Amino acid sequence: MKPGDTHGTVLALDLGLKRTGVASGDLSIGIAHPLTVIQADSTNARLIAIGKLVTEWQPVLLVMGLPTHADGSEHDMTRVAKNFARKLESRFNLPVFLVDERHTSTAAESELHARGIHGKKNKALTDAVAAQLILQGFFDARLTA
């Protein structure tokens, strides 16, 4: 992707050690949509599942949530996310943009609860909606830049 590119599919990830939420959107429209949740217990299994989505959707870039403490300081998952982003870049030869994901899971849960989606169904969708919020934040930041 070049700095002036305004078209193409984007996939976003809300990385988790067991579940990874995925969202999609297009640079030209700037609207994110929840896509799926990947259930995987290993880095390799996550990369294989993401590879299938990359093949299917042909994104021009990837966006991934960067977890930090509420004050912005790093913790263990911050380092895991940065390492995973490097693996994504080298494996798929795509730029990976890291986006602050503070409070996205809480916001996703609240949004689903407000729509009447509770219990197990809420848990299954939370990660994909969190990825949607991460991607929407990326799109919105591009508009104001």
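As the structure is a prediction and not an experimental result, all values here were calculated from the model.
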Apply side-chain hydrogen bond (donor to acceptor under 3.5 Å, both in side chains) to Asn93 and list each qualifying residue two or more places apart in sequence or on a separate chain.
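If we apply the side-chain hydrogen bond (donor to acceptor under 3.5 Å, both in side chains) test to Asn93, skipping adjacent residues, there are no hits.
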Reported [atom1]-to-[atom2] distance for the pair [X] and [Y], which is rounded to 0.5 angstrom:
X	Y	atom1	atom2	answer
Leu88	Leu13	CG	CG	6.0 Å
Leu53	Ile48	CG	CD1	12.5 Å
Arg46	Lys18	CZ	NZ	11.0 Å
Thr78	Asn83	OG1	CG	11.0 Å

Under a 4.5 Å side-chain heavy-atom rule over Ile, Leu, Val, Met, Phe, Trp and Tyr, are Trp57 and Ile50 clustered together?
yes
Which pair of non-hydrogen atoms, one from Ile134 and one from Gly65, has the smallest distance, and what is that distance?
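Smallest interatomic distance, heavy atoms only, reads CD1-CA, 3.7 Å.
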Can you name the nearest heavy-atom pair linking Pro34 to Val129, along with the distance?
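Scanning both residues, the minimum pair turns out to be CB-N, 4.2 Å.
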Could you walk me through whether Leu27 and Leu61 pass the side-chain contact (heavy atoms from CB on, under 4.5 Å) check?
CA-CA 10 Å; Leu27 288 169; Leu61 64 97; 4.2 Å; yes
Side-chain touch [X]/[Y], heavy atoms, less than 4.5 angstrom:
X	Y	result
Asp127	Thr20	no
Leu66	Lys82	yes
Ile38	Arg19	no
Leu135	Gln132	no
Thr43	Phe84	yes
Glu89	Leu94	no

Candidate pair Ser42 and Asn44, rule side-chain hydrogen bond (donor to acceptor under 3.5 Å, both in side chains), full reasoning
CA-CA 5 Å; Ser42 73; Asn44 192 50; 5.6 Å; no
